[in-house]
Chemist: 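Pasting a structure here, questions to come.
FYI, side chains are in, hydrogens and waters are out, and symmetry mates aren't considered; it's all heavy atoms of this structure. Indexing begins at 1, ligand by ligand and atom by atom, following the structure's order. A quick note: this is a predicted structure, and the numbers were derived from the prediction, not measured.
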Amino acid sequence: MKKKITIIGSGFSSLAAAAYLAKAGHEVHIFEKNDTIGGRARQHKAKGFTFDMGPSWYWMPDVFERFFADFNKKPSDYYQLERLNPGYQVIFENGKKIQIGDNFEEIYEVFEAEEKGASIKLQKFIKEAQDNYKVAIEKLVYKPGLSPLELVTPETIKKLNTFFSTVSKDVDKEFESENLKQILKFPVLFLGAKPSETPSFYNFMNYADFGLGTWHPKGGFFAVVQAMQNLAESLGVKIHTNSDVQKINIEDKKAKSIKVNDEIIESDIILSGADYHHSEQLLDEKYRQYSESYWDKKVFAPSSLLFYLGFDKKIKNAEHHNLFFDVDFDAHADSIYSTKKWPKEPLFYANFTSKTDSDTAPEGCENGFFLVPIAPGLEDTNELREKYYGIIMDRFEKLTGEKIKDHVIYKKSYCVNDFVKDYNSYKGNAYGMANTLLQTAFLRPKLKSKKIDGLFFTGQLTVPGPGVPPALISGKLVSQLILKSLQS
Ligand SMILES: Cc1cc2nc3c(=O)[nH]c(=O)nc-3n(C[C@H](O)[C@H](O)[C@H](O)COP(=O)(O)OP(=O)(O)OC[C@H]3O[C@@H](n4cnc5c(N)ncnc54)[C@H](O)[C@@H]3O)c2cc1C
């Protein structure tokens with residue numbers, strides 16, 4: 001029977017869930033508090049520049065293909081993808097650069113040039129990572145996290161040992177070059193935790209990096225949001241923007257309605273894709289599953305200080321994606337996860353999508369996105385933002401030998417307070433909850449409320465975790481649970 005399903009938020013996980021639920025024949029409404037959709041993957045346009053506000057690394061293209069295939073579609077039905085070469089470059093001390101190409105031969109050469117014998121070690125490392133990737137995709141990440149038993153298969157049992165070592169330990173054991181070690185530890189940062197806290201199994205991210213590549217959707221990541229919107233709307237989903245959900249109402253331990261801009265919307269099923277902590281705040285306290293101290297003890301993925309910059313010239317000495325790893329990696333990681341302070345010497349990331357996608361900046365100009373990962377919950381003031389702006393612009397100029405500061409014609413900053421204000425993000429986190437050993441699979445916050453019938457959750461704080469591909473998977477998993485609950 002056709003049910004009315006209301007979804008809070010329009011991030012990737014909500015859009016994905018909406019599409020599956022509408023395909024199954026239900027009446028689906030998305031309520032988004034902001035005036036545009038996409039959540040952390042919104043787009044910002046100003047003075048002829050186009051910026052993706054959040055994600056810029058399109059990794060694991062197979063997950064996007066699987067998602068669209070569920071609707072007999074392909075990503076290319078909606079957007080054009082280009083594999084970047086170099087995928088990215090890393091800038092080390094004194095401006096030394098290492099570029100990661102779009103094929104293994106080039107990557108092996110780069111490793112060998114950096115450390116004799118490293119290409120052979122890398123081949124072994126990647127073989128293992130590829131195997132882990134296969135197990136992760138086929139046996140683990142598409143599981144709803146209901147019980148530990150769902151993870152027990154002959155393939156996963158063989159991998160048990162990889163949960164008792166860490167990515168850092170494995171990389172440090174095999175490789176000598178500090179630069180190569182940093183390149184190999186970088187991909188797991190997407191999972192939101194320190195490489196020294198991330199189980200070795202997650203080295204499948206290295207296969208995602210070198211084997212599956214770094215892609216760019218033409219027009220930017222927002223093209224993927226638009227694709228999801230087109231798909232969802234074609235299936236009948238109704239999207240309501242400027243619709244702030246203020247309350248989830250419960251009757252007889254059953255989800256009953258939501259209050260949106262002072263209007264009550266009756267619902268058979270309520271699904272929240274907003275940050276889990278906030279979603280539970282919309283409930284009376286007795287209906288919440290997790291206490292404040294539960295959330296406080298969790299390892300959250302970083303927040304970020306971001307700058308969206310428009311330049312009046314083309315930037316010559318940078319690539320599409322640039323990682324500035326010229327300072328102590330561990331010291332910065334400690335500032336995020338241990339001391340929880342602003343970093344003394346920040347690592348940072350800069351992208352210029354207009355280098356490979358000219359439509360995202362006016363002719364002769366470049367758009368820039370600079371990101372410094374920081375601990376969630378830090379004090380956020382204009383003075384601090386400006387201090388770090390100065391630091392990273394100076395470092396960029398020094399390391400690349402190119403003047404950019406005097407060429408900025410558009411500037412917008414974004415940090416902890418904005419994440420809280422715009423997304424109701426817990427402590428202003430950018431990427432949700434980290435994938436540490438104790439925050440993996442069935443140990444993450446649940447997709448289905450344990451206390452209320454008809455109430456579900458999705459998104460980067462649930463399974464499988466942070467990032468756009470996991471958000472798509474989370475939307476699929478929760479939709480399956482909802483459909484199952486409607487059958488019983
Ligand atoms: C700066 C940054 C860079 C990133 N880089 C990458 C990357 O390169 N590659 C990658 O794969 N991932 C990246 N990520 C992570 C990725 O963007 C997220 O994991 C993913 O987009 C999260 O989707 P979601 O559906 O969980 O939630 P969100 O996108 O957070 O969506 C939640 C939505 O709920 C809405 N909402 C909240 N409260 C309410 C309410 N009361 N009423 C109505 N609506 C509400 C919010 O406005 C928001 O739109 C990045 C994230 C950030 C912030």
Chemist: Examine the side chains of Q289 and Y276 and answer whether a donor and an acceptor come within less than 3.5 Å of each other.
Modeler: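 Indeed, the side chains of Q289 and Y276 share at least one donor-acceptor pair under 3.5 Å.
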Chemist: Number the atoms of ligand 1 from 1 as they appear, then name those within less than 4.0 Å of a heavy atom of F31, with their elements.
Modeler: 43 (C), 44 (N)
Chemist: Under 4.0 Å from any heavy atom of A274, which atoms of ligand 1 are there?
Modeler: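 Those qualifying, in numeric order: 34 (O), 36 (N), 37 (C), 38 (N).
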Chemist: Within a distance under 4.0 Å of any heavy atom of G9, pick out the atoms of ligand 1 and give their elements.
Modeler: 33 (C), 34 (O), 35 (C), 44 (N)
Chemist: May I ask you to check if ligand 1 and D275 share an N or O to N or O distance below 3.5 Å?
Modeler: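 Looking only at distances, the answer is no, because the N/O contact criterion of under 3.5 Å is not met.
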Chemist: Considering only protein heavy atoms, which is closest to atom 42 (N) of ligand 1, and at what distance to one decimal place?
Modeler: V245 N, 2.9 Å
Chemist: About how many Å separate CD1 of I183 and CD1 of I98, when rounded to the nearest 0.5 Å?
Modeler: 4.0 Å
Chemist: Where does Y431 meet ligand 1, judged by heavy-atom distances below 4.0 Å: at the side chain, the backbone, both, or neither?
Modeler: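 For Y431, the contact with ligand 1 is made by the side chain alone.
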Chemist: So how far is it from D330 CG to K194 NZ, rounded to the nearest 0.5 Å?
Modeler: 7.5 Å
Chemist: Compare N424, I30, L15, I37 and give the one whose heavy atom is closest to atom 39 (C) of ligand 1.
Modeler: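 Among N424, I30, L15, I37, the closest heavy atom to atom 39 (C) of ligand 1 comes from N424.
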Chemist: Taking distance alone, with no angle check, do S13 and ligand 1 share an N/O pair under 3.5 Å?
Modeler: yes
Chemist: Assert yes or no for the condition that the ring centre distance of F324 to F396 is strictly below 6.0 Å.
Modeler: yes
Chemist: List the steps, then state whether side chain to side chain donor-acceptor pair (under 3.5 Å) holds for N103 with R83.
Modeler: CA-CA 10 Å; N103 61 83; R83 184 164 178 174; over 6 Å; no
Chemist: For residues P469 and W59, report the shortest heavy-atom separation together with the two atoms involved.
Modeler: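 Minimum heavy-atom separation between P469 and W59: CG-O, 3.6 Å.
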Chemist: Can you name the atoms of ligand 1, numbered from 1 with element, that are less than 4.0 Å from a heavy atom of G39?
Modeler: 29 (O), 31 (O), 48 (C), 49 (O)
Chemist: Write out the residue and atom name of the closest protein heavy atom to atom 8 (O) of ligand 1, then the distance separating them to 0.1 Å.
Modeler: W57 N, 2.8 Å
Chemist: Could you tell me whether ligand 1 has any atom less than 4.0 Å away from a heavy atom of Y58?
Modeler: no
Chemist: Examine the side chains of Y423 and D275 and answer whether a donor and an acceptor come within less than 3.5 Å of each other.
Modeler: no
Chemist: Do the two ring centres, one from Y78 and one from F68, sit under 6.0 Å apart?
Modeler: yes
Chemist: Could you please spell out the steps behind the side chain to side chain donor-acceptor pair (under 3.5 Å) verdict for Q480 and Y142?
Modeler: CA-CA 11 Å; Q480 288 170 336; Y142 284 91; over 6 Å; no
Chemist: With no hydrogens and no angle check, just 3.5 Å: does a side-chain donor-acceptor pair link Y349 and Y88?
Modeler: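 No.
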Chemist: Does ligand 1 have an atom that lies less than 4.0 angstrom from a heavy atom of P469?
Modeler: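 It does; at least one heavy atom falls under 4.0 Å.
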Chemist: Please confirm whether the ring centroid of F67 lies under 6.0 Å from the ring centroid of Y20.
Modeler: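 Yes - the distance between ring centres of F67 and Y20 falls below the 6.0 Å cut-off.
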Chemist: Looking at ligand 1, is there an atom of it that comes within less than 4.0 Å of some heavy atom belonging to D422?
Modeler: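 True for this residue.
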Chemist: Side chains of N261 and E263: is there a donor and an acceptor less than 3.5 Å apart?
Modeler: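 No.
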Chemist: Just need the protein heavy atom nearest to atom 19 (O) of ligand 1, so name the residue and atom and give the distance.
Modeler: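 Looking at atom 19 (O) of ligand 1, the protein heavy atom closest to it is Q460 OE1, 2.6 Å.
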Chemist: For atom 31 (O) of ligand 1, which protein heavy atom lies nearest, and how many Å away is it?
Modeler: G11 CA, 3.4 Å
Chemist: Answer yes or no: are there more than 12 heavy-atom neighbours, outside K411 itself, under 6.0 Å from its atom NZ?
Modeler: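 Atom NZ in K411 is packed in, count exceeds 12.
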Chemist: Quick check: does F12 get an N/O under 3.5 Å from an N/O on ligand 1?
Modeler: yes
Chemist: With V63 as reference, evaluate I137, V468, L212 under the side-chain contact (heavy atoms from CB on, under 4.5 Å) test and give the passing residue.
Modeler: I137
Chemist: Would you mind checking which non-hydrogen protein atom is closest to atom 6 (C) of ligand 1, with the distance to 0.1 Å?
Modeler: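 The closest heavy atom on the protein side is P55 CA, 3.3 Å.
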Chemist: Are any of the N/O atoms on G467, whether in the backbone or the side chain, positioned under 3.5 angstrom from an N/O atom of ligand 1?
Modeler: yes
Chemist: Looking only at non-hydrogen atoms, find the nearest pair between G101 and I107 and report the distance.
Modeler: O-CD1, 3.7 Å
Chemist: Could you identify the single nearest non-hydrogen protein atom to atom 32 (C) of ligand 1 and state the distance to 0.1 Å?
Modeler: G273 O, 3.3 Å
Chemist: Report yes or no: does a heavy atom of S56 sit under 4.0 Å from some atom of ligand 1?
Modeler: yes
Chemist: Check the orientation of W295 and H277. Use parallel for under 30°, tilted for 30 to 60°, and perpendicular for over 60°.
Modeler: perpendicular
Chemist: What atoms of ligand 1 come within less than 4.0 Å of a heavy atom belonging to V468?
Modeler: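 Under 4.0 Å from V468, ligand 1 has these atoms: 10 (C), 11 (O), 12 (N), 16 (C).
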Chemist: Nearest to atom 46 (C) of ligand 1 by heavy atom, E32, K259, K421: which?
Modeler: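 Going through E32, K259, K421 one by one, E32 has the nearest heavy atom to atom 46 (C) of ligand 1.
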Chemist: Starting from atom 2 (C) of ligand 1, find the nearest protein heavy-atom neighbour and note its residue, name and distance.
Modeler: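 Atom 2 (C) of ligand 1 sits closest to the protein heavy atom G54 CA, 3.6 Å.
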Chemist: Evaluate R40 for polar contact with ligand 1, using N/O atom pairs at a separation under 3.5 Å.
Modeler: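 By distance alone, the answer is yes.
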Chemist: So, 4.0 Å and heavy atoms of S243: is ligand 1 close enough to count as a contact?
Modeler: yes
Chemist: Look at D418 together with K412 and state whether they make a salt bridge at an N to O cut-off of under 4.0 Å.
Modeler: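 No salt bridge links D418 with K412.
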Chemist: If we set the cut-off at 4.0 Å for heavy atoms, which region of H278 has an atom near ligand 1: side chain, backbone, both, or neither?
Modeler: side chain
Chemist: With heavy atoms of G459 as the reference, note each atom of ligand 1 found under 4.0 Å away.
Modeler: 26 (O)
Chemist: Output the list of atoms in ligand 1 that are nearer than 4.0 Å to some heavy atom of F419, sorted by atom number.
Modeler: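 So the answer, numbered in order with elements, is 53 (C).
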Chemist: If you have a sec, work out which protein heavy atom is nearest atom 44 (N) of ligand 1 and how many Å separate them, to one decimal?
Modeler: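 Checking every protein heavy atom, the shortest distance to atom 44 (N) of ligand 1 gives K33 N, 3.2 Å.
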